Amino acid sequence: PSMKSELDSLMIETGAIKEITWKEADRLRREAESKGVLFEKIPAKAVFSRKAGSGKRKCRACACGNYMAQRDQLDTYAGGTGATEVRTVLRKAGLEGWSAVALDVKTAFLRAPRDHSREIVVVQPPAILVLAGLCGPDTLWLVEKALYGLTTSPKEWTQFRNQSLGDFRWHQNGCIYEAQKTNDQDIWKIVAISQSPAEPCGITEGAPVQRCRSPKEWEVGSAMTGGKTVGLFVTYVDDILAVGEKEVLQGFCTRMKEEWEVGAPDWVTPDGPSVRFLGMEIELKDQKFRIHQRAYIQNLLEKYPHEKP
C-alpha cells in the first residue's frame, strides 16, 4: 500500500512525474540536444521508513541525484534561516507580546515546477516498483516537478516558495494582510493595510478570512492607507515559524492551508509543551520565549554514554 500511495502522490496528486516510454525519452533527448538543452537520464531508488509512534510504513521514491552532472553552487544552494534569525524574531515577539506558531508544508518539493527550457531529467523508476507490478519494465519518468533526490530540487522549491509568498495576501477584519520581503531572504514581515484612514486595522477574534484572488483585487488594496507590521515569519525549506498577534496568525495559517497542504499548526502556548523547530525546542514560560535543545542533548547522552575508567 505504501508504494502504491507514493506512486499516486507523484503522478496524480502532485503531477511531479509523467510516465513515458524509452522511445519517447529518446525523442526528448534529440530535441534537447538540437536546442542546446541539458538532458539527463538517471536511476531512482525507493526509501522505506516506519513512522515513530503510529508505526505507519512509508515509501518515498527518490532520484539518485549523485548521477547528475556537476552544477554551479548557485544552481543548487537554497539557503534557509538560522538560529540567530529564530532568536531575533522570538525576541521581537516577546517584546510585542505576540504569539508564535510553527508550520510545515507537506511534500513541498513536489509542488515546485521545473523549467524544461533549461534542462530535462528522465528517471528510471526504482526496480522494486517494477517487481511489484506498479511500473512496466519499459516505463520511464519525465520529471515535471522538483523530485526528491535531485540536486536542484531545494533551490527550485525555494524559488517557487518565495515567488508564491510575494503574492501572499488575504482579507481579515476589514484589512488586507500581505507578506513582505525583508533584506534577509528568509525573514518576512506580515503587514496590515487599512482600507480607510478613518478605520484603522483592528483585530476581531474569529473574523472570516478571505484570500485576495486576483491582481485586480489587490490593485484596490495597494492604494489603501497604513502598513503596520503585525507579525514576522522565517522559512527553512518547508518549515515556517511565524510570530504575531494571535488572530492575525490564525488568518495566516488559514491562508497558508489554501496555498499548500500544511500540517496542523503547532502553537507555542503558555506553560505548554515545547514546539520543535529546526532541532530547537521553543517554550513560553512566564511570558518569555525560551529556546533549548534538551531532547537533542538527551539523545546524545544516550547514544554516547559516558564510559567510566
Side-chain angles (χ1 to χ4, degrees), residues 2-20 38 40-49 51 56 58-82 102-126 129 134-135 140-168 179 185-186 188 233-241 256-264 276-279:
S2 64
M3 290 190 289
K4 178 68 164 60
S5 176
E6 173 68 359
L7 196 57
D8 287 345
S9 172
L10 292 174
M11 295 185 60
I12 301 172
E13 296 174 20
T14 63
I17 59 172
K18 177 184 177 182
E19 283 192 346
I20 61 173
L38 177 65
E40 294 191 275
K41 183 170 76 68
I42 61 175
K45 63 181 180 180
V47 178
F48 295 91
S49 60
K51 200 167 185 178
K56 183 180 179 181
K58 187 175 181 181
C59 170
R60 173 155 286 171
C62 299
C64 296
N66 54 306
Y67 283 85
M68 297 176 72
Q70 188 69 29
R71 283 163 170 74
D72 189 279
Q73 187 177 8
L74 293 176
D75 293 329
T76 58
Y77 179 72
T81 197
L103 293 165
D104 70 289
V105 182
K106 295 184 176 181
T107 57
F109 285 9
L110 303 182
R111 304 179 189 281
R114 305 196 78 246
D115 184 1
H116 288 321
S117 67
R118 293 188 58 193
E119 63 178 22
I120 295 175
V121 176
V122 170
V123 170
Q124 189 167 355
L129 296 187
L134 297 174
C135 294
L140 294 174
W141 293 344
L142 173 63
V143 181
E144 301 278 18
K145 296 186 178 178
L147 187 66
Y148 287 98
L150 299 182
T151 58
T152 55
S153 289
K155 178 69 175 286
E156 287 167 343
W157 158 251
T158 297
Q159 289 178 327
F160 175 69
R161 180 201 65 202
N162 290 350
Q163 181 181 0
S164 300
L165 290 175
D167 297 320
F168 196 82
Q185 69 167 355
D186 297 303
W188 296 72
F233 64 94
V234 294
T235 59
Y236 188 92
V237 191
D238 54 1
D239 291 316
I240 297 171
L241 176 68
M256 190 67 70
K257 290 177 181 177
E258 292 182 354
E259 192 71 23
W260 299 302
E261 183 183 0
V262 297
R276 292 195 178 190
F277 184 75
L278 305 186

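Worth saying up front: this structure is predicted, and the values here are computed from it rather than measured.
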Spatial distance of atom CE (Met3) from atom CG (Leu134) [nearest 0.5 Å]: 5.5 Å
Between NZ on residue Lys58 and OG on residue Ser49, distance to nearest 0.5 Å: 6.0 Å
Leu7 side chain near Cys135 side chain, heavy-atom distance below 4.5 Å: yes
Side-chain touch Asp104/Val262, heavy atoms, less than 4.5 angstrom: no
With sequence neighbours excluded, residues passing side-chain contact (heavy atoms from CB on, under 4.5 Å) with Pro113: Phe160
His116 to Val143 - nearest heavy-atom pair and separation: CE1-O, 3.1 Å
Beyond-backbone contact of Leu140 with Gln124, side-chain heavy atoms, under 4.5 angstrom: yes
Spatial distance of atom CZ (Phe277) from atom CG (Leu103) [nearest 0.5 Å]: 9.5 Å
Donor-acceptor contact present, side-chain Thr235 to main-chain Ile240, <3.5 Å: no
Criterion side chain to side chain contact (heavy atoms under 4.5 Å, CB included) on Val121 and Val123, from CA distance to verdict: CA-CA 7 Å; Val121 176; Val123 170; 4.1 Å; yes
Option among Asp167, Asp186, Asp239 that satisfies the salt bridge (charged side-chain N to carboxylate O under 4.0 Å, His left out) test with Arg161: Asp186
Closest approach of Ala61 to Pro126 (non-hydrogen atoms, all atoms of both residues): CB-CG, 4.4 Å
Any residue meeting side-chain contact (heavy atoms from CB on, under 4.5 Å) with Tyr67, in chain and number order, not counting sequence neighbours: Ile42, Pro43, Cys64
Any donor-acceptor N/O pair, Arg71 side chain to Ala69 backbone, under 3.5 Å: yes
Beyond-backbone contact of Leu110 with Trp157, side-chain heavy atoms, under 4.5 angstrom: no
Minimum heavy-atom distance between Arg111 and Trp260, given as atom pair plus value: CD-CD1, 3.9 Å
Rounded distance (nearest 0.5 Å) linking atom CG of Asp115 with atom OG1 of Thr152: 11.0 Å
Distance in Å, Met11 CE paired with Thr14 OG1, rounded so as to fall on 0.5 Å steps: 10.0 Å
Derivation and outcome, salt bridge (Lys or Arg N to Asp or Glu O under 4.0 Å), residues Glu119 and Lys41: CA-CA 11 Å; Glu119 63 178 22; Lys41 183 170 76 68; over 6 Å; no
Steps toward side chain to side chain contact (heavy atoms under 4.5 Å, CB included) verdict (Val47, Tyr148): CA-CA 11 Å; Val47 178; Tyr148 287 98; over 6 Å; no
Side chain to side chain contact (heavy atoms under 4.5 Å, CB included) assessment of Thr107 paired with Asp238: CA-CA 8 Å; Thr107 57; Asp238 54 1; over 6 Å; no
side-chain contact (heavy atoms from CB on, under 4.5 Å) against Ser153, all qualifying residues, sequence neighbours excluded: Phe109, Ala146, Leu150, Glu156
Glu144 side chain near Leu142 side chain, heavy-atom distance below 4.5 Å: yes
Minimum heavy-atom distance Thr81-Tyr236, with the two atoms named: O-CD1, 3.2 Å
Distance-minimising heavy-atom pair for Arg60 and Glu6: CA-OE2, 3.5 Å
Nearest non-hydrogen partners of Thr151 and Gly65, listed with the distance: CG2-O, 3.7 Å
Euclidean distance, Leu241 CG relative to Arg276 CZ, rounded to 0.5 Å: 15.5 Å
Close side-chain approach of Gln159 and Lys155, heavy atoms under 4.5 Å: yes
